[in-house]
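A quick note: this is a predicted structure, and the numbers were derived from the prediction, not measured. Every chain is numbered from 1 and lettered A, B, ... according to where its sequence line falls, protein lines coming before strand lines.
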Amino acid sequence: MAVTGTNQSPPALSATAHDGDDSLPVVLIHRFPTFTGSLFPSLPTHFRLLDLLTTDASNLQSASAILCVGPPPPVTPEFLDRFPSLKIVVCSSVGVDHVDLPECRQRGIVVTNAGSAFAEDVADYAVALLIDVLRRVSAADRYVRAGSWPVKGDYPLGSKVSGKRVGILGLGRIGSAIATRLAAFGCQIRYSSRKEKPSLPFPFYKTALDLAANSDVLIACCALTDETFHVINGEVMTVLGKQGVIINVGRGSLVDEKELVEFLLRGDLGGAGLDVFEDEPHVPKELFALDNVVLSPHSAVVTPESIGTLQDVVIGNLKAFFAGQPLISPVID
Amino acid sequence: MESIAVLMTKPIYSYLQAELEKRFKVLKLWEAQDGSRFLEDHNQIIRAVVSDGGTGLSPELMAALPKLEIVSSFSVGMDKIDLGKCKEKGIRVSNTPDVLTDDVADLAIGLTLAVLRKLPASDRYVRSGMWKKGEFKLGTKMLLYFQFSGKSVGIVGLGRIGQAIATRAEGFGCKISYHSRTPKPESSNYTYYPSVVDLAAHSDILVVACALTNETRHIINREVIDALGPRGVLVNIARGATVDEPELVSALVEGRLGGAGLDVFENEPNVPEQLIELDEKVVLAPHAGSGTEETRKGMADLVVGNLVAHFEGKELLTPVV
């Protein structure tokens, strides 16, 4: 899976690009050249898949559907220019910050995402990260494996999860699922979101700053937009406080990563659990020595269950599109 | 009360020691050059012992303290104290229930998630600098990796801690079943299994949350482990001896059990070498179930509170005997 040079052809996708059944609707596959993971196994049954990186240029003219796979590849105006007949971009992620949404809207191109395929998995993962940071699960596991328990004695005390004030940034499907889970731990849930949701029993705060002032923990699970870029900044971290914990399962750039590192190194923040980073796969090395930080390679969604559900959503959206029926998970700006 | 002699068997927690020293004459067994001599010299004045779950009150110590009135344990577990004998001799015993329930339940869920979602392994992967763009898999050893939400959770022992674990798991949409000495009518929404093997057969995740007694020693044996199976996960936050550890190890090594999250072991602080090697299907914790500042303080306050109540002639706060 090495990154190839520009004058070599990119490694092929493992289950695609066949000049199969001509009667099947055509779907162009858009990916990073380095992504060669196997595609959803049921896709070729329903569609004729053409890998953008290897298919003949003539196929691009009439194609109406593009499917993004793997780490979300950018959908820019220049990219869109290549497909005069394009009508739908189907994403296999929840986040669509890699897609120029206004540009798509202008061109009459509809965008769909993973819908709620991942909500439970990401919510589970956010809770997993939170417990890990507060109770030092990964750090203590390292400690035991290093043979330190008989030699150095008990591991230093952590911090109680139950009862903590948890501020959720973004109360969509994922945020709501996180709220349900942590409420069962007796955590006090509060949130900030574009719009207040009066039907939910949790206190609402208009800004991330107000939310941080009333929380022990901040969980970032909102979409990355111009408004939410670096929504968790130095000011928010200061107000969250020295015992404060930040969990990010949204997009790296929701958090000012440079500030985060400095706050953590100075001891001005209690800890962080991060599944996403501003420039993946690069992770600030200064974090590697910290036991109050848990790092994960953007894997909140990778379980067999959610991949299966995702396949259903992807195929469902494509089938609906080609049949002229309502889409399952259109992104509404 | 400052003249009342309280024996601490080991250095447990500095806050606890400080609070005891404010109120009592604290004798520290671990500082004595000759333990037996020390006890002989002080056995006419020692009226209380403060110990923890792992040390308890040994028969030898009980025999060496003729004036012992109360043992106040910094634990909820009572398996290292002969309660029957204490009752016989009129020695009161107190523990620290409730105050640590949340922490232990939190860790049970935390360990379950850490095993299923491979958190320590993922963290190691990133720290090793191995993460490259386009790679989703951690490595070749993706033996067990599944979603927690909606899974079947079987709980052995539905006491305070077992119930707290059940409540949390329900938040994830898990299906709860349990085994205990007798069914609990107030938990009729959970499925009761009179047999632990049947419970294991019907669970994706089996959590041990029962007290260690003669009946529950090795209650998780080979039959139970095999019933849990190659895609099953065992989580133990109770006592190491509730699980037949050599059987557990061989099941994990051979792949007959999918994974394990363990906070307790048969011979702490020693952990079997094979478990150290199985770093993608096993998560290990150093008996940290109640290991938070908030909870340890609460436990210490209870230990002290029970002693004060006893010497003031009042009802114990959390009596066991």
Side-chain angles (χ1 to χ4, degrees), chain A residues 1 3 32-37 70-71 120-121 123-125 127-129 131-132 134-138 140-145 147-150 153-155 157-163 177 180-186 280-281 283 285 288 294-300 302-306, chain B residues 101-103 105-107 109-114 116-127 129-138 145-150 164 167-173 261 268-271 275-277 279 282-288 291-296:
Chain A
M1 265 205 261
V3 178
F32 278 108
T34 44
F35 178 73
T36 56
E120 289 182 332
D121 261 1
D124 289 0
Y125 210 73
V127 176
L129 283 171
I131 302 176
D132 196 324
L134 288 174
R135 299 298 300 274
R136 303 283 192 269
V137 176
S138 288
D141 179 86
R142 276 197 292 278
Y143 183 82
V144 175
R145 286 180 201 284
S148 302
W149 194 11
D154 286 344
Y155 192 79
L157 300 178
S159 178
K160 187 165 171 168
V161 174
S162 291
T180 305
R181 281 148 181 73
L182 288 175
F185 285 70
E280 292 167 21
V283 174
K285 291 192 171 58
F288 294 176
V294 179
L295 306 166
S296 156
H298 203 152
S299 36
V302 189
T303 66
E305 287 89 340
S306 54
Chain B
T101 299
D102 284 339
D103 261 4
D106 291 350
L107 188 64
I109 302 293
L111 284 172
T112 306
L113 285 165
L116 290 176
R117 305 305 301 274
K118 296 210 167 351
L119 230 41
S122 300
D123 183 278
R124 271 198 306 274
Y125 181 77
V126 175
R127 280 172 209 256
M130 280 168 57
W131 184 20
K132 290 182 174 58
K133 203 191 269 294
E135 289 182 11
F136 273 92
K137 290 195 173 153
L138 286 176
Y145 195 37
F146 60 76
Q147 184 179 76
F148 177 50
S149 279
T167 303
R168 284 155 178 72
E170 283 185 288
F172 292 80
E268 295 169 18
N270 303 298
V271 175
L275 292 183
I276 306 277
E277 286 160 23
D279 60 6
V282 179
V283 176
L284 305 168
H287 201 148
T292 66
E293 299 281 356
E294 297 94 323
T295 291
R296 292 286 167 87

(request) Select, from G173(B), G171(B), A288(B), the one with the greatest count of heavy-atom pairs under 4.5 Å involving chain A. (result)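 Between G173(B), G171(B), A288(B), the count favours G171(B).
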(message) Which one wins on heavy-atom pair count under 4.5 Å against chain A: P286(B), G291(B), P120(B)?
(response)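 If we count pairs closer than 4.5 Å to chain A, P286(B) comes out on top.
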For chain B, which candidate among [options] shows the most heavy-atom pairs at distances under 4.5 Å?
| options | answer |
| --- | --- |
| G158(A), A183(A), A177(A), A140(A) | G158(A) |
| L134(A), D154(A), V127(A) | V127(A) |
| S296(A), G163(A), S159(A) | S159(A) |
| I131(A), V161(A), L157(A) | L157(A) |

(request) Not counting sequence neighbours, which residues clear side-chain contact (heavy atoms from CB on, under 4.5 Å) with A128(A)? List them please. (result)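 Here the qualifying residues are L113(B), L119(B).
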(request) Give, for atom OG of S162(A) and atom CG of D103(B), the distance between the pair rounded to the nearest 0.5 Å. (result)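 Here the interatomic distance stands at 7.0 Å.
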(request) Determine yes or no for a side-chain-to-main-chain donor-acceptor pair under 3.5 angstrom, with R168(B) supplying the side chain and G186(A) the backbone. (result)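 A pair under 3.5 Å: no.
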(message) Taking L284(B)'s backbone N and O only, do any of them form a donor-acceptor pair with D141(A)'s side chain (distance below 3.5 Å, no angle check)?
(response)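 Yes: the side chain of D141(A) pairs with the backbone of L284(B).
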(request) Step by step, work out the side chain to side chain contact (heavy atoms under 4.5 Å, CB included) result for Y155(A) and H287(B). (result) CA-CA 9 Å; Y155(A) 192 79; H287(B) 201 148; over 6 Å; no
[X], part contacting chain B, at a heavy-atom distance under 4.5 Å:
| X | value |
| --- | --- |
| R136(A) | neither |
| L129(A) | both |
| V144(A) | both |

(request) Mind checking ring pair (Phe, Tyr, Trp, His ring centres under 6.0 Å) for F185(A) and listing every partner two or more places apart, or none if nothing turns up? (result)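 Once residues adjacent in sequence are excluded, F185(A) has no partner under the ring pair (Phe, Tyr, Trp, His ring centres under 6.0 Å) criterion.
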(request) Walk me through it: do R127(B) and R142(A) pass the test side chain to side chain contact (heavy atoms under 4.5 Å, CB included)? (result) CA-CA 12 Å; R127(B) 280 172 209 256; R142(A) 276 197 292 278; 3.6 Å; yes
(request) With side chain to side chain contact (heavy atoms under 4.5 Å, CB included) as the test, would you mind laying out the steps for T180(A) and F172(B) before giving the verdict? (result) CA-CA 8 Å; T180(A) 305; F172(B) 292 80; over 6 Å; no
(request) Dump the intermediate steps for salt bridge (charged side-chain N to carboxylate O under 4.0 Å, His left out) on K160(A) and D102(B), then the final yes or no. (result) CA-CA 8 Å; K160(A) 187 165 171 168; D102(B) 284 339; 3.7 Å; yes
(request) Verify the distance criterion only: is there a donor paired with an acceptor across the side chains of S138(A) and R124(B) at less than 3.5 Å? (result)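 S138(A) vs R124(B): no donor-acceptor pair found between side chains.
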(message) Under 3.5 Å, is there a donor on one side chain and an acceptor on the other for S149(B) and R181(A)?
(response)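 Yes.
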Looking only at heavy atoms, which two atoms of [X] and [Y] are closest? And how far apart?
| X | Y | result |
| --- | --- | --- |
| S122(B) | Y125(A) | OG-OH, 4.0 Å |
| I276(B) | R145(A) | O-NH1, 2.7 Å |
| R117(B) | D124(A) | NH1-CB, 4.0 Å |

Under 4.5 Å from a heavy atom of chain A, the part of [X] involved:
| X | value |
| --- | --- |
| E294(B) | side chain |
| R296(B) | side chain |
| V283(B) | both |

(message) When you compare the side chain of Y125(B) with that of L295(A), does any pair of heavy atoms fall below 4.5 Å?
(response)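 In short, these two side chains do not touch, never coming nearer than 4.5 Å.
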(request) Side-chain contact test, heavy atoms from C-beta onward, threshold under 4.5 Å: evaluate it for N270(B) versus P150(A) and give yes or no. (result)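 Yes; the side chains approach each other to less than 4.5 Å.
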(request) Start with the C-alpha distance between E268(B) and W149(A), add both sets of side-chain angles, then the distance that settles side chain to side chain contact (heavy atoms under 4.5 Å, CB included), and finish with yes or no. (result) CA-CA 9 Å; E268(B) 295 169 18; W149(A) 194 11; 3.5 Å; yes
